[in-house]
Amino acid sequence: MKVIVFGSFNIDKVYSLPHLPQRGETLYCDNYEIHVGGKGLNQALAFQKAGAQVVAAGKVGADGDYLTDWLSANGVDVSSVGRSDGYTGHTIIEVDPDGQNQMILFGGANREITPDYCDEIIEKNRDADLIMTQYETSCVEYMLEAAHRAGIRTAVNPSPYVDKVRELPYDKIEYIIANEFEGASITGKTEAPDIVRALQELCGGKVILTLGGKGSVYSDGDTTVSVPAFNVNAVDTTGAGDTFTGYCLYGLLNGDPPQTALRTASAASALEISKPGAAETIPSAEEVRAFLKKLS
Ligand code: RIB
């Protein structure tokens with residue numbers, strides 16, 4: 001299975017704090033680390049670890065070559081990642097002792113994607129089975145339209161939610177994978193079953209709604225499946241959604257029943273949040289299998 005993951009490449013600057021800061025508050029940081037990140041990079045690796053052949057698409061500045069080098073060393077094709085004269089995107093991530101976070105995102109090179117670049121990616125990868133994208137780059141709408149025209153299946157993780165997310169070409173999206181906040185913001189609904197139904201009606205395809213500690217739900221209009229989350233000690237939840245996304249969509253595309261795909265993805269993200277960092281802590285498929293076997 002060949003997947004194009006079109007998305008952001010970020011340098012994640014992670015600050016461990018005694019609590020998330022209040023307005024006007026100055027906090028001493030207990031620990032500072034720099035990690036590879038960005039929803040595009042993280043999801044590219046999650047798909048690769050799950051078993052897909054992955055082509056990454058996006059843009060970095062000169063200060064971001066180590067991101068593409070790292071992804072390439074981990075088996076992802078980065079030959080189509082573009083280069084900017086400006087800065088690579090970066091994220092300031094504040095993490096509290098419960099592993100919860102808040103972020104400041106600088107888009108940088110991620111926001112320099114042009115329609116020409118999208119056309120080039122689609123032209124080079126017409127044999128792809130799926131394109132996966134999120135909302136941290138420019139030209140998301142254009143890329144989806146171009147992929148759809150080329151007959152490539154489409155999946156969107158509408159994250160982070162901004163008002164423009166409501167303008168996505170939903171009739172051309174086959175899979176939406178969103179968290180509760182994103183789903184509620186797009187649909188105006190507040191209860192998970194209503195959000196799932198409204199998202200499914202919007203795209204006419206398949207919807208996966210993640211509910212944090214409450215698990216996840218899949219619906220394709222005919223079948224609806226709910227799967228509980230695994231209870232683990234969360235050290236850093238950054239990248240949990242990206243890990244879930246890669247594993248879940250790989251499973252569904254591979255023909256796994258939704259129950260299996262969601263359970264495997266939940267296990268992968270449970271393992272990922274047990275360690276600090278995002279992409280570096282995405283588990284391998286063997287690790288996920290071993291985790292699930294121990295529970296059975
Ligand atoms: O989803 C987690 C990612 O969101 C982080 O790696 C950060 O870079 C932001 O893009």
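In this text the structure is predicted, and so the values were computed from the model without any measurement. The basis for the numbers below is simple: all heavy atoms, side chains too, and nothing from hydrogens, waters or symmetry mates. One-based numbering, in listed order, for ligands and for the atoms of each.
- There is no side-chain donor-acceptor pair under 3.5 Å between N157 and Y135.
- Nearest protein heavy-atom neighbour of atom 4 (O) of ligand 1: K39 NZ, 3.2 Å.
- Between K275 and D236, no side-chain nitrogen of the basic residue sits less than 4.0 Å from a carboxylate oxygen of the acidic one, so the salt-bridge criterion is not met.
- Protein heavy atom closest to atom 7 (C) of ligand 1, with residue, atom name and distance, is D12 OD1, 3.3 Å.
- Side-chain contact check for S219 and Q200: no donor-acceptor pair (N or O, by modelled atom type) lies under 3.5 Å.
- Considering backbone and side-chain N/O atoms, T91 comes within less than 3.5 Å of an N/O atom of ligand 1.
- Residues Y250 and F47 keep their aromatic ring centres 6.0 Å or farther apart.
- In this structure, G38 has a heavy atom closer than 4.0 Å to ligand 1.
- The aromatic rings of F181 and Y161 stand perpendicular to each other, their planes meeting at an angle above 60°, with 30° marking the opposite boundary.
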Only distances under 3.5 Å count here; give the side-chain donor-acceptor pairs of residues 201-210 to other protein atoms, sequence neighbours excluded, each with its distance to 0.1 Å.
{"residue": "K206", "atom": "NZ", "partner": "E174", "partner atom": "OE2", "Å": "2.7"}
{"residue": "T210", "atom": "OG1", "partner": "A178", "partner atom": "O", "Å": "3.4"}

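- The proximity of N42 to ligand 1, defined as any non-hydrogen pair under 4.0 Å, is limited to the side chain.
- Of the heavy atoms in E136, only side-chain atoms (C-beta onward) come closer than 4.0 Å to ligand 1.
- Annotation: M103 places no N or O atom under 3.5 Å from an N or O atom of ligand 1; distance criterion only.
- Looking only at heavy atoms of the protein, atom 2 (C) of ligand 1 is closest to D242 OD2, 3.3 Å.
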